[in-house]
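One structure is given here, and the rest of the page talks about it.
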Amino acid sequence: DIMRGPDGAIIEENIVSYHETAEDMNLGTNAIEDPTAYVNITNPQIVYVRIEDNMTPSTGCYADTTLEIIVQTPPVVNEPSSLEYCDPDADGFGVFDLTDANTEISNGLENLVISYHETEADAENNVNEIVGEYNNIVAYEQTIFIRVEDSASDNDCASQLTLTLIVNDVPQINTEPSSLFLCDENTDGFGIFDLTTSNEELLNGLDPSDFTITYYEAQDDAQNALNAIVTPYNYTNTTAFNQFVWVRIENNTTACYNVGSIELIINELPVLTQPTPLNLCDYNNSGDEVEGFTLEDSIGEVLQGQTGINISFHESQEDADTAVNALVSPYNNTANAQTIYIRGEDEITGCYATITLDLRVNPIPSPVAPEPIEECDDDNDGFTFFTLETNEEEIIEIVEVEEEELDIDVPFAVIEDVPIFPGCERVKKSERRNCFQEKMNKHIRKNFRYPETVSYTHLRAHETRGNLVCRRL
C-alpha cells in the first residue's frame, strides 16, 4: 500500500532502525549499526524498532514496535572418543557399532535423538542416517558426523559432533610356530621347556619392544588374558609326551592381540641292548695284543632289528655324548681289554642313548714242533694208518708252575676308592662298590671260559694267588 502523510502527500520511503533500549528508540539515537549481524546481549532479549518516513523531519512523527529475539540452545553433549577396531587381516577396514559412542555423547541426558552420517551436509540436513553396523570406507581412519536433537524440546536446534573411526592391525604373528622338542631323559614323558625360545618365530619379524608375550595352558585363558604361565622359560609339561600351550601377543599401544599355539613333544630315547664283547685272536703281530676290530659287527646285537637309528663309536663317554671323534673300522684297540662307547641317535628326533662295548684280544696257542710220527708200510704202497694224538702232550707242552701260597688278605670292603667298572661311571660314589661287584661278577660269568684247546686236551687251569698250574685231568 502507498503511505501518505497528514496533508495527503505520498510517503516515498520508510526508514526502520533497531535499538537496544526504548529511550534510544524514542530519541532516534544509538541505532544498531548492522542489524544483519547483531549478537544479542541477553537471552531472550527485546529489541526496539523505530519507523520513520520522509515526513518525519518536518512532522517529528514516527512509529515504533518491539521485537523479541530468542536464542534456542541445542542439547549440551560431549565430543566422543574415537572408536577403535582390531583388524585381523590388516587391510585397514573393519566393522563398527557406532552406537557404542551414545553413552559418552549423551552424558546422562535423556530424550536425545542421535544419528550418524558420512558427510557433514547429511548431518546438517538430517538425511542418509547410518543404521546398524558400519563398515568404514576410508582405510584405517575415517571421520563420521553426528547430529543430536532433544526430542523433548520445542525447537529444532541440533548439536553436531564428529566421531573418528580408527582401524588397528592385529599383530600379524606366526600362529603355528615349530613344535618344541625334548628328549625323555627320565623316561617319564616330562621335561622342562623354555617356551620363550619360540618368541622370535612367533613375532615373525615384528619389533619385540612393541609387544607383550604371555603363555597359557588353555586357549580361553589366552583369549581373556587369565592365568598366564609365570615362568615360561622354565615350564614343565603337565601332559606326558605331548601337549599344546597357547601364546598371546598384545600390541603395547593399541591393545590389539593375536593368539597362537605351540606343541610340546617329549621324544623317547633309542633303546640300545648291551652287546657281548668283540673278541679277536692275536694273529696280527702275535703277542702285541692289538688287532683291527670291525666295530659294526656289534650293531645287530645293539639294535635288535630296530631301524632309523644312527650308530657311532667313540673312545670316551664325553665324545659319545657330544658326538665327536667317531671311530672308524678297522679300529686298533689301545688297551686289552678296552671299553669303547656306542652312541645310538634317532634319525628323526636327534635323541640319543649310549652303551658300552668291550674289545678283547685273545692270545693264540704256541704249539711246539713235535717229532715226526713214523709207521711201517706193511704193503709198500706208501700209505698207512697214523694215531695223530700220539704227540699231543709234546705239542701242547704242559708246564707245571709251583704254587706259592700268599698270606696277604685284603678284604674288598676296606678299599676306599673303588675301581670304576665300565657302566658305573654315573653311579653315586656311595653305590659304586655294589655296582663294581655286580658288573665284575657278570663280566666273569660271561667272559671267563676255558679255551677250546685246553678243553679238548682235558686240561684245566688252576689259579692260586697269581700262579698258574696246567694239569691233565
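Nothing here was measured: the structure is a model prediction, and the numbers come from that model.
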Quick one: do Phe193 and Ile266 satisfy side chain to side chain contact (heavy atoms under 4.5 Å, CB included)? Show the steps, please.
CA-CA 10 Å; Phe193 290 86; Ile266 301 289; 3.6 Å; yes
Report the C-alpha distance between Asn252 and Thr212 in whole Å, list the side-chain angles of each, state the deciding distance to 0.1 Å, and finish with yes or no for side-chain hydrogen bond (donor to acceptor under 3.5 Å, both in side chains).
CA-CA 7 Å; Asn252 296 331; Thr212 297; 2.7 Å; yes
Trace of the side chain to side chain contact (heavy atoms under 4.5 Å, CB included) decision for Thr231 with Tyr233:
CA-CA 5 Å; Thr231 55; Tyr233 50 83; 3.6 Å; yes
After noting the C-alpha distance and the side-chain angles of Asn284 and Val290, does the key distance pass the side chain to side chain contact (heavy atoms under 4.5 Å, CB included) rule?
CA-CA 7 Å; Asn284 184 24; Val290 176; over 6 Å; no
Show the numbers, then the answer: is there a side chain to side chain contact (heavy atoms under 4.5 Å, CB included) between Asn227 and Glu217?
CA-CA 8 Å; Asn227 305 314; Glu217 291 182 333; over 6 Å; no
Would Thr119 and Asp122 satisfy side-chain hydrogen bond (donor to acceptor under 3.5 Å, both in side chains), going step by step from the backbone distance to the final call?
CA-CA 5 Å; Thr119 67; Asp122 284 352; 3.2 Å; yes
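Other residues, nucleotides and ligands contribute at most 12 non-hydrogen atoms within 6.0 Å of the CG atom of Asp156. Within a 6.0 Å radius of CD in Glu347, other residues, nucleotides and ligands contribute more than 12 heavy atoms. Surrounding CD of Glu23 are at most 12 heavy atoms belonging to other residues, nucleotides or ligands under 6.0 Å away. Heavy-atom contacts from other residues, nucleotides or ligands closer than 6.0 Å to CD of Glu200 number 12 or fewer. The number of heavy atoms from other shown groups lying within 6.0 Å of CD (Glu176) does not exceed 12.
Asp87 contributes no side-chain N or O that, together with a main-chain N or O of Val167, makes up a donor-acceptor pair within less than 3.5 Å. No donor-acceptor pair under 3.5 Å is formed between the side chain of Asn251 and the backbone N or O of Cys256. Side-chain atoms of Glu268 do not come within 3.5 Å of backbone N or O of Thr187 as any donor-acceptor pair. Side chain of Ser153 to backbone of Asp150: no donor-acceptor contact under 3.5 angstrom is found. A donor-acceptor pair is defined here as one N or O able to donate and one able to accept, closer than 3.5 Å; no such pair exists between the side chain of Glu296 and the backbone of Ser329. A donor-acceptor pair under 3.5 Å is absent between the side-chain atoms of Arg360 and the main chain of Ala337, judged by distance alone. Side-chain atoms of Asp184 come within 3.5 Å of backbone atoms of Gly189 as a donor-acceptor pair (strictly under, hydrogens ignored).
For the pair Asp91 and Asp169, the tightest heavy-atom approach, listed with the atom from each and the gap, is N-OD1, 4.4 Å. Taking each heavy atom of Arg343 and Tyr352 in turn, the nearest pair found is NH2-CD2, 3.4 Å. Of all non-hydrogen atoms in Glu345 and Gly350, the two that sit nearest each other are CG-O, 3.7 Å. When every heavy atom of Thr21 is checked against every heavy atom of Tyr48, the shortest pair comes out as C-CD1, 3.3 Å. Here the closest heavy-atom approach between residue Gln338 and residue Ile340 is recorded as NE2-CG2, 3.7 Å. Heavy-atom minimum distance, Ile144 versus His117: CG2-O, 3.4 Å.
Side-chain contact between Tyr341 and Leu327 is absent, with no heavy-atom pair separated by less than 4.5 Å. Side-chain contact check for Val170 versus Gln172: some heavy-atom pair is nearer than 4.5 Å. Contact annotation: the side chain of Asn333 never approaches that of Leu280 to less than 4.5 Å [non-hydrogen atoms, C-beta and beyond]. For the pair Asp220 and Leu226, the minimum side-chain heavy-atom distance is 4.5 Å or more. Counting heavy atoms from C-beta outward, Leu165 and Tyr85 have side chains that stay 4.5 Å or more apart. The shortest side-chain heavy-atom distance between Glu315 and Asn325 does not fall under the 4.5 Å cut-off. When side chains are defined from C-beta on, Tyr215 counts as touching Ile262, because their heavy atoms get closer than 4.5 Å. The shortest distance between side-chain heavy atoms of Ser178 and Glu201 falls below 4.5 Å.
To the nearest 0.5 Å, the span separating OG1 on Thr273 from CD on Glu301 amounts to 7.5 Å. Note that the CD atom of Gln142 and the CD atom of Glu118 stand 6.0 Å from one another [nearest 0.5 Å]. Remark: Asn279 CG to Glu291 CD distance equals 11.5 Å, nearest 0.5 Å. Distance OH/Tyr216 to OG/Ser261: 15.0 Å, rounded to 0.5 Å. The CD atom of Glu289 sits 10.0 Å away from the CG atom of Asn362 when rounded to the nearest 0.5 Å. The distance from atom OH of Tyr116 to atom CG of Leu161, rounded to the nearest 0.5 Å, is 9.0 Å.
Residue pairs meeting the disulfide bond (SG atoms under 2.5 Å apart) criterion with at least one member in residues 98-129, sequence neighbours excluded, do not occur. Screening residues 104-205 for disulfide bond (SG atoms under 2.5 Å apart), with sequence neighbours left out, gives Cys183-Cys351.
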For residues 71-80, tabulate all N or O donor-acceptor pairs below 3.5 Å that involve a side-chain atom, not counting sequence neighbours.
residue, atom, partner, partner atom, Å
Asn78, ND2, Glu104, O, 3.4
Asn78, ND2, Asn107, OD1, 3.4
Glu79, OE2, Thr162, N, 3.1
Glu79, OE2, Thr162, OG1, 2.9

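Judged purely by distance below 3.5 Å, without hydrogens or angles, the side chains of Gln223 and Tyr257 pair a donor atom with an acceptor atom. Residues Thr254 and Glu84 bring no donor and acceptor atom of their side chains to less than 3.5 Å of each other.
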